[in-house]
Amino acid sequence: MPKNSLLRGKKQSADTRRLLLDIYQRLLSYFGHRNWWPAGAPFEMVIGAILTQNTNWANVERALINLKKEKLLKPEKLAEINLHKLEKLIRPSGYFRQKAKRIKDLVKFFNAPPIDGSFEKMRRIPTDKMREMLLTVNGIGPETADSILLYALEKPVFVVDSYTRRIFAKLGLVPEDIKYDDLKAFFEGNLPRSVDLYNDFHAQIVALGALYCKKRAQCNLCPLGEIARCK
DNA sequence: GACCAGGCACATC
DNA sequence: GATGTGCATGGT
């Protein structure tokens with residue numbers, strides 16, 4: 001039994017790895033590369049990571065456009081701005097009072113030592129340590145922290161969201177009540193460590209979840225239909 | 001008019 | 001540690 005279970009374990013993880021990569025390939029050829037957070041605007045990604053909490057991206061964009069129009073999408077500007085004015089500008093993204101405070105707190109954290117407003121300094125801090133630090137900031141939970149690590153700092157960290165849990169539990173690959181960190185470890189343990197892969201895979205999952213996983217009736221449109229089916 | 005969206009903090013048991 | 005609740009706008 002021990003020897004078999006070890007073999008089975010290895011085989012299972014090889015199968016899981018192949019299946020996950022198949023799923024990614026299938027989504028990629030169906031949706032095309034999602035091109036999330038194109039390079040060059042890490043600070044915008046950081047603010048976007050807060051604004052998008054439990055919110056449709058279209059609404060986040062309105063808020064980001066408002067901030068850009070006022071040329072406020074810079075750490076030094078957001079540090080100065082009056083809280084009420086910030087609330088007004090990000091209003092379209094919902095939860096605007098909470099999010100305005102969270103942005104203020106995050107900007108304070110970003111501008112203070114040891115980061116001193118520098119993404120370079122932030123990147124030099126070991127990923128686990130940086131994650132711990134981010135999690136101490138008000139309004140930064142695991143998903144927001146991981147989004148910042150992956151999309152702004154380009155660290156190989158897999159971002160898990162509610163779609164990820166819903167979809168992969170329905171496919172029967174993980175338990176429904178799996179914890180955030182365990183689900184993250186499931187992907188990181190079964191996929192090659194790649195920033196580009198993690199970046200686009202998460203984006204593909206969101207595309208799939210938002211388009212086809214709302215109603216059972218839409219399952220016939222699911223691009224995964226032939227390789228993985230919901231139970 | 002109900003339901004949902006790229007979560008998180010806080011209270012309570 | 002698990003479970004419930006408030007937070008809020010805009011699209012379908």
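Just so you know, these numbers use all the heavy atoms, side chains as well, and skip hydrogens, waters and symmetry mates. Chain A is the first sequence line, chain B the second, and so forth, proteins listed ahead of strands; every chain is numbered from 1. Because the structure is a prediction, the values reported are computed rather than measured.
- Ion pairing between a basic and an acidic side chain is recognised when a charged N comes within 4.0 Å of a carboxylate O; A/Arg131 and A/Asp181 show such pairing.
- Residue-environment remark: CD (A/Glu176) stays at or below the threshold of 12 foreign heavy atoms within 6.0 Å.
- Distances shorter than 4.0 Å separate some side-chain N or O of A/Tyr163 from OP1 or OP2 on B/dA5.
- The side chain of A/Pro92 has C/dT9 as its nearest neighbour among B/dG7, B/dG6, C/dT9.
- Positionally, the nearest nucleotide of DNA chain B for A/Asn56 lies more toward the 5' end than for the other of A/Asn56 and A/Tyr180.
- Nearest nucleotide to the A/Lys214 side chain, out of B/dG7, B/dC4, C/dA8: B/dC4.
- The aromatic ring of A/Trp57 is stacked on the base of B/dG6, with the two ring centres less than 5.5 Å apart and the planes inclined by under 30°.
- If you measure from atom CG of A/Asn66 to atom P of C/dG10, you get 10 Å, rounded to the nearest angstrom.
- Nearer to the 5' terminus of DNA chain C, by closest-nucleotide assignment, is the contact made by A/Thr55 (compared with the other of A/Thr55 and A/Arg62).
- Rounded to whole Å, the P atom of B/dG6 lies 27 Å from the corresponding atom of C/dA2.
- With B/dC8, C/dA8, B/dG6 as the choices, the nucleotide that has an atom nearest any side-chain atom of A/Val206 turns out to be B/dG6.
- The phosphate of B/dA5 (OP1 or OP2) has a side-chain N or O of A/Arg166 nearer than 4.0 angstrom.
- Atom CG of A/Leu150 is separated from atom C1' of B/dG6 by 12 Å (rounded to the nearest Å).
- Note on A/Thr144: a side-chain N or O is less than 4.0 Å away from OP1 or OP2 of B/dC8.
- Applying the 4.0 Å criterion to OP1 and OP2 of C/dA2, one finds that A/Lys179 has a side-chain N or O inside that range.
- Without hydrogens or angle criteria, A/Lys170 side chain to A/Cys213 main chain gives no donor-acceptor distance under 3.5 Å.
- Of the two residues contacting DNA chain B, namely A/Gly139 and A/Thr52, the nearest-nucleotide position lying further toward the 5' end is that of A/Thr52.
- Side chain of A/Arg165 to backbone of A/Ile178: a donor-acceptor contact under 3.5 angstrom is found.
- As rounded to the nearest Å, C/dG6 and B/dC3 have P atoms that lie 16 Å from one another.
- A/Tyr151 places its OH atom 9 Å from the C1' atom of B/dG6, with the value rounded to the nearest Å.
- Straight-line distance from the OH atom of A/Tyr212 to the C1' atom of B/dC4: 18 Å, rounded to whole Å.
- A/Ile205 places its CD1 atom 17 Å from the C1' atom of B/dA5, with the value rounded to the nearest Å.
- C/dG6 has no base stacking with the ring of A/Tyr95 when judged by centroids under 5.5 angstrom apart and an interplanar angle below 30°.
- As judged by a 4.0 angstrom heavy-atom cut-off over every strand, A/Ala203 is placed among residues making no nucleic acid contact.
- Comparing the same atom, P, in C/dG10 and in B/dC8 gives a spacing of 22 Å after rounding to whole Å.
- Within the nucleic acid shown, A/Ser162 comes within 4.0 Å of sugar-phosphate atoms alone, with no base atom in reach, counting heavy atoms only.
- Distances shorter than 4.0 Å separate some side-chain N or O of A/Asn54 from OP1 or OP2 on B/dG7.
- For C/dC7, neither phosphate oxygen OP1 nor OP2 lies less than 4.0 angstrom from any side-chain nitrogen or oxygen of A/Arg97.
- Listed candidates were B/dG7, B/dC8, C/dG10. Nearest to the side chain of A/Asp161 is B/dG7.
- With salt bridges taken as basic N to acidic carboxylate O contacts below 4.0 Å, one links A/Glu188 and A/Lys184.
- Distance A/Arg165 CZ to B/dC8 P: 11 Å, rounded to the nearest Å.
- The separation between A/Leu211 atom CG and B/dA5 atom C1' is 13 Å, rounded to whole Å.
- The side chain of A/Asn59 lies closest to C/dT9 when the candidates are B/dC8, B/dG6, C/dT9.
- Here B/dG6 is the nucleotide among C/dG6, C/dG10, B/dG6 with the atom lying nearest to any side-chain atom of A/Glu143.
- For the residue pair A/Pro223 and A/Leu208, the shortest heavy atom distance occurs at CD-CD1, 3.7 Å.
- Using a 4.0 Å heavy-atom distance criterion, A/Val160 is classed as making no nucleic acid contact.
- A/Ile50 places its CD1 atom 9 Å from the P atom of B/dC8, with the value rounded to the nearest Å.
- Atom NZ of A/Lys101 sits in a sparse spot, with 12 or fewer heavy atoms from other residues, nucleotides or ligands closer than 6.0 Å.
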